[in-house]
Asker: 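Shown below is the structure under consideration.
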Protein chains: 4
Amino acid sequence: MAAEAALISVVPTNNQNHNPEKRPGRPRSDKSREAILDATRKMLMHTPLRDISIEAVAKRAGVGKTTIYRWWPHKAALVMEAFLAQPGLQNILPTTPTADDALKVQLEKLIRQLRGQNGRIVANIIAEAQAEPEALALLNKSFMNERVENLRRHLSQGKDEGLFHAYLDIEMAIDQLLGPVFYRLLTNNDALDERFNAHYPEQAVNTLKA
Amino acid sequence: MAAEAALISVVPTNNQNHNPEKRPGRPRSDKSREAILDATRKMLMHTPLRDISIEAVAKRAGVGKTTIYRWWPHKAALVMEAFLAQPGLQNILPTTPTADDALKVQLEKLIRQLRGQNGRIVANIIAEAQAEPEALALLNKSFMNERVENLRRHLSQGKDEGLFHAYLDIEMAIDQLLGPVFYRLLTNNDALDERFNAHYPEQAVNTLKA
Amino acid sequence: MAAEAALISVVPTNNQNHNPEKRPGRPRSDKSREAILDATRKMLMHTPLRDISIEAVAKRAGVGKTTIYRWWPHKAALVMEAFLAQPGLQNILPTTPTADDALKVQLEKLIRQLRGQNGRIVANIIAEAQAEPEALALLNKSFMNERVENLRRHLSQGKDEGLFHAYLDIEMAIDQLLGPVFYRLLTNNDALDERFNAHYPEQAVNTLKA
Amino acid sequence: MAAEAALISVVPTNNQNHNPEKRPGRPRSDKSREAILDATRKMLMHTPLRDISIEAVAKRAGVGKTTIYRWWPHKAALVMEAFLAQPGLQNILPTTPTADDALKVQLEKLIRQLRGQNGRIVANIIAEAQAEPEALALLNKSFMNERVENLRRHLSQGKDEGLFHAYLDIEMAIDQLLGPVFYRLLTNNDALDERFNAHYPEQAVNTLKA
DNA sequence: GGGTAACCGAGACGGTACGTCTAGTCTTTAA
DNA sequence: TTAAAGACTAGACGTACCGTCTCGGTTACCC
C-alpha cells in the first residue's frame with residue numbers, strides 16, 4: 001500500500017521540509033530510499049528476480065531489513081518501483097491520426113521495451129506475481145493498465161469509425177493483440193526479435209479489421 | 001537430464017528386468033521414485049509451487065533428500081514430471097475432418113486443461129521456469145511442443161488446402177493462437193472462463209482464414 | 001572471538017544496563033544465551049561431545065541455529081563456555097603457608113575436578129581441540145593457564161626460598177607435575193582414583209625438592 | 001576384531017596360499033587392503049583425522065565402502081593400522097647396559113617419534129579414541145603397551161639393582177615418565193623440541209633415583 | 001566341473017548434520 | 001513518536017557422510 005502510493009504520488013522524505021503535511025516523529029530517510037532502489041536496480045542487472053533477497057538488497061544498500069519491509073509490502077513491489085520507474089519504460093506515445101496506426105505503434109513500442117535485459121525482468125516480475133496476488137494487481141496497475149487502456153481507447157475509436165467490425169469484442173481483441181507478445185516473452189525470450197517487430201504489429205491489427 | 005529422459009523414455013527400474021543394459025551397483029528404487037512423485041502431486045493440490053520445499057517432499061515421501069537431488073536437477077523438473085505426466089494432461093486429440101476444426105478442438109482442449117487448479121499449477125511452472133533456463137527448455141519439451149506441433153501440422157494442412165492464405169506465417173499464427181490463452185492464464189487467472197472457451201477458439205481460427 | 005571474550009570478560013546483555021556503550025539495534029538476548037548454555041550442559045551429562053550437534057543444542061534450547069553460530073565460532077568454544085564456567089570448576093585455592101603445600105593442594109584439586117563425568121568431558125574437549133587450533137588456544141586460556149600460572153608462581157617462590165634446587169627448570173617442572181594427571185585422564189580414565197590422589201601429588205612435589 | 005587381529009597376526013590374503021586354514025569363498029584381496037592403507041596414509045599427511053571420511057578413503061583407494069567396513073570396525077582402527085604399522089614407528093630399542101640408560105633411550109626415541117607430523121597424527125588418534133572405547137583399548141595394545149612394558153621391565157630391573165628406591169611405585173613411575181611427553185603433545189604441539197629432548201629424559205629418570 | 005560361499009566394485013538408499021541464507025518479527029537506540 | 005539497526009526464531013538450502021543394502025561379477029573351495 002505504501003509502495004503503491006509511492007508509485008503514483010510524492011513520497012515524504014526528510015529533505016522535503018517544505019512539505020506542508022508534517023507528521024510527527026522521525027522523517028523517512030530519502031537517502032535510504034534511494035540506496036535501496038539503487039541496490040535493487042543494480043542487482044536486477046545480473047541476477048534473476050527469484051534469487052534476489054530482501055536481505056541481500058538491505059546489505060548492499062547498507063540498510064536494515066526493516067526499513068525495506070516498512071515501505072514495500074513485497075519483493076515484487078520493490079522491484080516494480082525500482083525498475084518500472086526508470087526512464088525508457090514510460091509509455092509516452094506519439095499522437096497518430098488513425099486508430100490502426102495507434103495500435104500498431106503501441107505494439108511496436110511494447111515489443112521494443114520488452115526486448116533483451118528489460119524483457120527478462122518484466123518476465124520475472126510476471127513470474128513473481130503468480131505467487132503473490134497483490135503483486136499481480138500492482139503489476140496491472142503500474143504497467144499493464146496504461147497500455148491496455150490505450151489499446152481499448154483506440155479499438156473503441158476504430159470501431160466507431162467503422163474500421164473494425166461493429167460486433168468486435170474489445171476485451172478479447174486486447175488479449176489477441178498483447179497475448180502473442182507476452183507468450184513469446186515467457187516461453188522463448190529470443191523470439192521478440194526485429195523480424196517479429198517488423199511484421200507482427202501490422203498483421204495483428206489487420207486481422208481485426210472488418 | 002535424468003529427469004528429462006524420464007519424461008520421454010523408460011526409466012530404468014528394478015522391476016523392469018527385461019532391461020538389457022544392467023549397470024553395476026544397486027539399481028534405482030522404483031518404489032522411492034513413485035513415492036516422491038506421489039508426494040509431489042499431493043502437495044501441489046493445496047500448496048503453491050513456491051512454498052513446496054524439496055525437504056518437505058522428501059519427508060512426506062519417506063525418502064532421503066539426496067534421492068530427490070540425485071534424479072531431478074530442479075524443483076521445476078520434479079514438478080513437471082509429477083504433474084504433467086498425469087492422465088488428464090495427455091494431449092490426446094480426436095481426429096477431425098477439417099484443419100480449422102482440428103485447431104479449434106486443440107484450443108478448446110487446452111483452455112479446459114488450463115482452467116482452475118491445474119491452470120494455476122501450469123502458471124507456476126512457467127513462472128519457475130523464468131529463473132531456470134533448463135526448466136524452460138524442459139517445459140517446452142514436455143508440454144508445449146506436442147501442442148505446438150499439432151497446431152503447426154494442421155496450419156500447414158489448412159494452408160495446402162487453401163483454407164488459409166498461401167502467405168500465412170505459420171510460426172506467427174501459432175503464437176497468435178496460443179498467446180491470448182497463456183496471456184490470460186498469467187495475468188488474470190479467472191479469465192479462462194466458459195465464455196472465453198465458447199468464443200475464443202472459433203474467432204481466433206477464423207481470423208486466420210483467407 | 002566473541003566467545004573468547006565472553007569467557008574472560010563481561011558479555012554485553014540486556015540486563016546489564018550499567019554498560020555504558022549502547023549500540024543501536026536489538027541487544028543480545030541474555031535469555032537465549034542462558035538457554036543455549038543450559039542445553040549444552042544438560043546434553044554433556046549423557047552424550048559424548050562428538051555426538052552433540054549444534055542442531056540438537058538449538059532445538060533443545062528453543063533457539064535458532066544462527067544465534068549459536070553468531071556468538072560461538074566452534075562447538076568447542078560453546079562447550080568450553082558452558083562447561084568450564086560451572087561453579088565446581090573454578091580454580092579457587094586456599095592460601096597455604098608453604099610452596100610445596102600449595103603445589104600439592106593444586107594438584108589434588110585438579111585431580112578431583114577431573115574425576116568421573118567431568119573428567120570425561122575435559123578429555124573430550126582436549127580431543128576436540130586437536131583438530132581446531134583456535135580451540136586449543138581457547139582451552140589453554142580458559143582452563144589451563146590459571147592452573148599453570150599458579151604452579152609457576154609457587155615453584156618460583158619455592159625456588160627463592162631454597163625449597164627447590166636453584167637450577168630447577170620451572171617450565172619443565174610444571175609439565176612434570178601436570179603431565180601424569182592428563183596422561184591418565186586421556187589413556188585410562190579410571191586411573192584418577194582415590195589411591196592416585198592420595199599418593200601422587202605428594203610424591204610428585206617431593207621429587208622436585210632439593 | 002578383524003582389525004585387531006590384523007595388527008598382531010598374519011592377515012589371510014590370496015597370495016599366501018600356504019596358509020593352512022583355508023576357508024571357502026573368495027579370499028580377501030591383498031591388493032585392496034594395501035590400496036586402502038596407502039590411501040589412508042596419504043590422506044593423513046595433510047588432513048586432520050577428524051576430517052578424513054571413510055567415503056573419501058574408499059574413493060581414493062578405488063574400493064567399495066563396504067570393503068572397508070568389512071575389515072575395520074572404526075576409522076580409528078583403520079588409521080592405527082595404516083599409520084602405526086609403518087617403519088619408523090617400530091619400537092626397536094638398542095640393548096643398553098644399565099636400567100637408567102634404557103629408560104632414557106626409550107624416552108628419547110618416543111619424543112623423536114612424536115615430533116612434527118607424526119606427533120600430530122598420534123595426538124589425533126588419542127583424540128579419536130576418547131569417543132570410542134574400543135579404539136582406546138586398541139591404541140594401548142598397538143602403541144602404548146610395548147613402550148609401557150619396556151619401561152616397566154627396566155624400572156623393575158633398576159629397582160632390583162638398587163638403582164631406584166625399594167618402595168618405588170612402578171606404575172606411577174611409568175606415568176611420571178610418559179605423562180609430560182603426552183601432555184606436551186596434546187596441549188602445545190611445538191613443545192617437543194630439541195631442547196626438551198636434550199634435557200627431559202635424563203632429568204625425569206634422575207628424579208626416580210634413590 | 002557344477003555348486004556354493006565369501007569376497008569384490010559400484011552405487012543407491014534413508015538419515016543426520018553441516019554451515020549459510022532468508023523470511024519476517026521484535027526490541028532497542030537515534031533522530 | 002517514527003525510523004533505522006540489528007538480534008531473534010524458524011526453517012529450507014544443497015552437500016557431505018554415515019552405515020546399510022542390493023546388484024553383477026569374481027575367485028576360491030568342495031563334492
Side-chain angles (χ1 to χ4, degrees), chain A residues 12 14 23-29 31-33 51-59 62-71 75, chain B residues 14 17 22-29 31-33 35 51-59 61-71 75, chain C residues 14 17 21-29 31-33 51-59 61-71 73-75, chain D residues 12 14 17 22-29 31-33 51-59 61-71 73 75:
Chain A
N14 58 0
R23 294 197 291 119
R26 180 175 175 175
R28 177 174 184 185
S29 160
K31 207 174 120 211
S32 289
R33 180 176 169 275
D51 301 341
I52 295 178
S53 62
I54 298 285
E55 191 116 359
V57 173
K59 182 164 286 177
V63 140
K65 264 198 295 181
T66 15
T67 307
I68 299 179
Y69 279 112
R70 186 173 353 255
W71 298 105
K75 196 164 68 173
Chain B
N14 56 3
N17 45 13
K22 288 257 182 184
R23 296 196 295 110
R26 181 174 176 173
R28 178 174 184 183
S29 159
K31 206 174 121 210
S32 291
R33 181 177 168 276
D51 300 342
I52 295 179
S53 64
I54 298 284
E55 194 126 355
V57 173
K59 184 161 287 175
V63 139
K65 263 199 291 182
T66 0
T67 304
I68 299 182
Y69 282 112
R70 185 162 18 238
W71 299 106
K75 195 164 69 175
Chain C
N14 56 1
N17 46 13
E21 44 136 342
K22 289 252 181 184
R23 295 195 295 110
R26 181 174 177 175
R28 177 173 184 183
S29 160
K31 205 175 122 209
S32 290
R33 181 177 167 274
D51 300 343
I52 295 178
S53 64
I54 298 284
E55 194 125 356
V57 173
K59 183 161 288 178
V63 138
K65 265 199 290 182
T66 354
T67 304
I68 300 181
Y69 282 112
R70 181 160 23 236
W71 299 106
H74 328 107
K75 195 165 68 175
Chain D
N14 57 0
N17 46 12
K22 295 228 181 185
R23 294 195 292 119
R26 181 176 176 174
R28 177 174 184 183
S29 160
K31 205 174 123 210
S32 290
R33 181 177 169 274
D51 302 341
I52 295 178
S53 64
I54 298 284
E55 193 121 358
V57 173
K59 182 165 287 179
V63 138
K65 265 198 292 181
T66 3
T67 306
I68 299 181
Y69 281 113
R70 184 168 7 245
W71 298 105
K75 195 165 68 175

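Just so we're clear, the structure is a prediction, and the values are computed from it rather than from any experiment. Note on naming: letters A, B, ... go to the chains in the order of the sequence lines (proteins, then strands), and numbering restarts at 1 for each one.
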Asker: Looking at Thr67(D), does any N or O in its side chain come under 4.0 Å of the phosphate oxygens OP1/OP2 on dC7(E)?
Answerer: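 No, no such contact exists.
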
Asker: Over how many whole Å does the gap from Lys31(C) atom NZ to dT28(E) atom P extend?
Answerer: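 Rounded to whole Å, this separation is 12 Å.
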
Asker: For Ser32(A), give me all partners under side-chain hydrogen bond (donor to acceptor under 3.5 Å, both in side chains), at least two apart in sequence or on another chain.
Answerer: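 So Ser32(A) forms a side-chain hydrogen bond (donor to acceptor under 3.5 Å, both in side chains) with Ser29(A).
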
Asker: Tell me the interatomic distance from Lys59(D), atom NZ, to dC18(F), atom C1', rounded to whole angstroms.
Answerer: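 Distance check: Lys59(D) NZ to dC18(F) C1' gives 14 Å.
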
Asker: Using heavy atoms to find the nearest nucleotide of DNA chain F for Gly64(C) and Gly25(D) separately, return the residue whose nucleotide is more 5′.
Answerer: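 The residue closer to the strand's 5' end, by nearest nucleotide, is Gly64(C).
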
Asker: Just the rounded figure in Å: distance from C1' of dA7(F) to CD1 of Ile68(C).
Answerer: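 Rounding to the nearest Å, CD1 of Ile68(C) and C1' of dA7(F) are 14 Å apart.
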
Asker: Does dC8(F) have its OP1 or OP2 closer than 4.0 Å to a side-chain nitrogen or oxygen of Arg70(C)?
Answerer: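 Looking at the OP1 and OP2 atoms of dC8(F), one of them is under 4.0 Å from a side-chain N or O of Arg70(C).
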
Asker: In chain order, what residues pass the side chain to side chain contact (heavy atoms under 4.5 Å, CB included) check against Ala61(B), with sequence neighbours excluded?
Answerer: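 With sequence neighbours excluded, Ala61(B) shows a side chain to side chain contact (heavy atoms under 4.5 Å, CB included) to Ala35(B), Ile36(B), Ala39(B), Val63(B), given in chain and number order.
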
Asker: Among residues at least two apart in sequence or on other chains, which ones pass salt bridge (charged side-chain N to carboxylate O under 4.0 Å, His left out) with Lys65(D)?
Answerer: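 By the salt bridge (charged side-chain N to carboxylate O under 4.0 Å, His left out) rule, Lys65(D) matches Glu55(D).
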
Asker: Between Ile52(D) and Val57(D), which heavy-atom pair has the shortest distance, and what is it?
Answerer: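 Closest approach of Ile52(D) to Val57(D), heavy atoms only: CG2-CG2, 3.7 Å.
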
Asker: Nearest 0.5 Å please: distance from the CZ atom of Arg70(C) over to the CD1 atom of Ile68(C).
Answerer: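 CD1 of Ile68(C) is found 11.0 Å from CZ of Arg70(C).
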
Asker: Donor-acceptor pair under 3.5 Å: do we get one between Arg26(C)'s side chain and the base of dC26(E)?
Answerer: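 Answer is yes: a donor-acceptor pair is held.
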
Asker: Checking Arg33(D) against Trp71(D): charged group under 6.0 Å from the ring centre and within 45 degrees of the axis?
Answerer: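 No.
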
Asker: Could you tell me the separation between the CG atom of Asp51(C) and the C1' atom of dG19(F), rounded to a whole number of Å?
Answerer: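 The answer, rounded to whole Å, is 14 Å.
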
Asker: Report, one pair per line, the protein and nucleotides 13-15 of chain F atoms (nitrogen or oxygen only) whose separation is under 3.5 Å.
Answerer:
residue, atom, partner, partner atom, Å
dC13(F), OP1, Ile54(B), N, 3.1
dC13(F), OP2, Ile54(B), N, 3.4
dC13(F), OP2, Glu55(B), N, 3.0
dG14(F), OP2, Tyr69(B), OH, 2.6
dG14(F), N7, Lys65(B), NZ, 3.0
dG14(F), O6, Lys65(B), NZ, 2.6

Asker: Looking at Trp71(D), does any N or O in its side chain come under 4.0 Å of the phosphate oxygens OP1/OP2 on dA6(E)?
Answerer: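 No, because none of the side-chain N or O atoms of Trp71(D) sits under 4.0 Å from OP1 or OP2 of dA6(E).
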
Asker: Write down the distance between CZ (Arg33(C)) and P (dC8(F)), rounded to a whole number of angstrom.
Answerer: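 Nearest whole value for this atom pair: 12 Å.
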
